[in-house]
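Written below as structure tokens is the structure these notes are about.
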Amino acid sequence: TQTTLIESVWFIAYGVMGMPSAFLIERTGYKKAIIIGLAVMAFGALLMVPAARLPSYGVTLTALFIIASGITLLQVAANPYVAVIGPAESSESRLTLVQAFNSMGTFFAPYFGGYLILSRTTGGTSLEGTQLTAAERLADAQATQLPYVLVAVVLAIIAAIIWRSKLPALGSATSRVAKEERRKHSLWNHRNLVFGVPAIFIYLIAEIGVANLFINFVILPDIAGITPAEAANYLVLLWGGMMVGRFAGSYLMRRFPADKTLAAFAGFAMLVMIGAATLHGPLAMWCLILVGLGHSIMFPAIFAMGIKGLGPLTEEGSGWLITAIAGGALVVVQGWLADSYGLQNSFWLTVACEIYVIWYALWGSKPTAPAA
């Protein structure tokens, strides 16, 4: 439960900061908002240094909340920017392609995390059930300092690069309308957004639940029986599948309808999750790895479908969709299910999430008339 609470605090930031981020973008513009988001992330990363030195679980949660708040601002700014800046008919494909590069980062992250943290700690190189001394726990906590300092430096460099760059404006088609004009428009009139917000919320429960409990699952004696450091190498394959799936999905959605493509990917994810919930040994582990392929296009496809036809409501709709990422906070529910009914049985929650995404792809995503 404590492990999944870390993820919950991370995604609570999306729920708290989603709409404030949308309003900040309206006041500052996309470029300044992106720079502010990077600065907030860098500050949160540096806060992990005192969190590790104390060490303090509470300060760690606070630092992660600050980092996630910066990422929320980046998401609210970048996703609609990518989706709207080109032709509407290829928005799902375009956003999925950009998210593929995001997955490239998550593909390499477990490798660096395994090398810089798990492989250098006692807990990361010990089998499940090993009891650590207080000194070993303190040393393990302090091993997290260097990676976060490196993250802060990289974020500062990226912010400086964006400050000197020139980003094209979106134009007036998606700008927020005047207050009196705004009363003529309602997000509730757009079913693709109304059902898209819970689709993002529910999908995040599935994605984060799998990623967060992956190592806990595969180190079980009746699954793979390996150390956490070894399990991190297989986690790389899960994120690698998401990266490959997004590149492939971007290509497929240029040739097939985005809704049918999303339904096919979600159907595949449902099947392999049933396998992870019922099988044993390495086969169950590989089912969990393969779900990365199924999850790959879900976020960008749902997001692009959700804001389609919103016109001047695009920024506000984007804020609500990013707020829905808070669904990842409910991974703590899966942690509770794992503690209460068994880790493998908790994956039935993931299966239920895939079913809703299938429904949204085939029926809930149908857009209404575009906002004038």
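- A donor-acceptor contact closer than 3.5 angstrom links the side chains of Ser250 and Ser93.
- Legend: ring-ring contact (aromatic ring centres under 6.0 Å, His included) pairs involving residues 196-220, not counting sequence neighbours, sorted by first then second residue: Tyr203-His295, Phe217-Phe347.
- Using the six-membered ring where Trp is involved, Tyr356 and Trp359 have ring planes that are tilted, between 30° and 60° apart.
- At least one side-chain heavy atom of Val357 sits less than 4.5 Å from a side-chain heavy atom of Leu262.
- With sequence neighbours excluded, no residue forms a ring pair (Phe, Tyr, Trp, His ring centres under 6.0 Å) with Phe268.
- The environment of CZ in Arg255 is crowded: more than 12 heavy-atom neighbours from other residues, nucleotides or ligands sit within 6.0 Å.
- For Thr72 against Ser21, the heavy-atom pair with the smallest separation is CG2-OG, 4.0 Å.
- For Asp259 (side chain) and Leu362 (main-chain N/O), no donor-acceptor pair under 3.5 Å exists by modelled atom type.
- Remark: side-chain polar atoms of Lys31 are paired, donor with acceptor, to backbone N or O of Ser165 under 3.5 angstrom.
- Thr350 approaches Ala206 most closely through the heavy-atom pair CG2-CB, 3.7 Å.
- With sequence neighbours left out, the ring pair (Phe, Tyr, Trp, His ring centres under 6.0 Å) criterion links Tyr234 to no other residue.
- Glu354 places no side-chain N or O within donor-acceptor distance of the main-chain N or O of Val351, the cut-off being under 3.5 Å.
- Of the possible polar contacts, none joining the Arg246 side chain to the Leu97 backbone as a donor-acceptor pair under 3.5 Å is found.
- Shown here for Ala284 and Ile223, the closest heavy-atom pair between the two residues is CB-CD1, 4.2 Å.
- Contact detail for Ser346 and Ala338: the closest heavy-atom pair is CB-N, 3.8 Å.
- Distance alone, capped at 3.5 Å, places no donor-acceptor pair between the Asn345 side chain and the Leu337 backbone.
- Closest approach of Val218 to Ala231, counting heavy atoms only: CG2-CB, 3.4 Å.
- Minimum heavy-atom separation, Leu187 to Val194: O-CG2, 3.8 Å.
- Following chains of ILVMFWY side-chain contacts shorter than 4.5 Å, one can reach Tyr148 starting from Val9, so the two form part of one hydrophobic cluster.
- Looking only at side-chain heavy atoms (C-beta outward), Glu316 and Met19 come within less than 4.5 Å of each other.
- Listed for the Asn192 side chain is a donor-acceptor partner under 3.5 Å among the backbone atoms of Met305.
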